[in-house]
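Since the structure comes first, as structure tokens, the remarks are kept for the end.
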Amino acid sequence: MDDERLHPRETTLMAGSTLAAGVLAVAAALSLGLAAVGGAAVTAQRAAGAADAAALAAADAVSGAITASEAPCDLASRVATAAGATLTDCSVAGYVATVQVKAAYAGLAAVSRARAGPPDGT
């Protein structure tokens, strides 16, 4: 008589394989999630750096620290673009430049603002 039932050892091996496949799937999902969070953090830092550089460029141009043939906000836009961001707002009051930039990652926008100029009281 042929017995088609699985031997207990074969059942244990199948359960172990299923468990291993589940663990691998969870590990892969966590890895993808962490990669997305890491990419967003890098984009936020890139936007902050671009805003700082753009504000400094505009403030240096308006103060005369550098000679520029373009307006301070045009220079700030060029610097932000070179840093991988887009200038969305720029204002100059006296020697103080305030900028806002945006950088995109996976359809989400990281926005950063920066202000540059002489220290207060000078």
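What you see is a predicted model; the values in this text were computed from it and never measured.
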Which residue pairs satisfy the salt bridge (charged side-chain N to carboxylate O under 4.0 Å, His left out) criterion with at least one member in [range], sequence neighbours excluded?
| range | answer |
| --- | --- |
| residues 30-45 | none |
| residues 97-110 | none |
| residues 20-31 | none |

Please list all pairs passing the disulfide (SG to SG under 2.5 Å) test where one or both residues lie in residues 62-117, with sequence neighbours left out.
->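 Non-adjacent pairs meeting disulfide (SG to SG under 2.5 Å): Cys73-Cys90.
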
Co-members of the apolar cluster containing [X] [side chain, <4.5 Å]:
| X | answer |
| --- | --- |
| Leu32 | none |
| Val26 | Leu30 |
| Val99 | Leu87, Val101 |
| Val92 | Val62, Tyr95 |

If every non-hydrogen atom of Leu75 is compared with every non-hydrogen atom of Ala68, which pair is closest and at what distance?
->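 In this case the closest contact between Leu75 and Ala68 is CD2-CB, 4.2 Å.
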
Considering all heavy atoms, the nearest Ala58-Ala97 contact |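 Looking at all heavy atoms of both residues, the closest pair is CB-CB, 3.6 Å.
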
Among all residues two or more places apart in sequence or in another chain, which pass the side-chain contact (heavy atoms from CB on, under 4.5 Å) test with Asp52?
->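 Result, side-chain contact (heavy atoms from CB on, under 4.5 Å) vs Asp52: Ala114.
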
Could you list the residues that satisfy salt bridge (charged side-chain N to carboxylate O under 4.0 Å, His left out) with Arg78, not counting sequence neighbours?
->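 For Arg78 the salt bridge (charged side-chain N to carboxylate O under 4.0 Å, His left out) partners, ignoring immediate neighbours, are Glu70.
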
Can you tell me which residue pairs pass the side chain to side chain donor-acceptor pair (under 3.5 Å) test with a partner in residues 79-88, sequence neighbours excluded?
->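 Side chain to side chain donor-acceptor pair (under 3.5 Å) check on residues 79-88 returns Thr88-Gln100.
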
Can you measure from CG (Asp60) to OG1 (Thr67) and round to the nearest 0.5 angstrom?
-> 11.0 Å

Could you pull out every donor-acceptor pair under 3.5 Å between side chains of residues 40-51 and any protein atom, sequence neighbours left out?
| unit_1 | atom_1 | unit_2 | atom_2 | d |
| --- | --- | --- | --- | --- |
| Thr43 | OG1 | Gly39 | O | 2.9 |
| Arg46 | NE | Gly84 | O | 3.4 |
| Arg46 | NH2 | Gly84 | O | 3.4 |

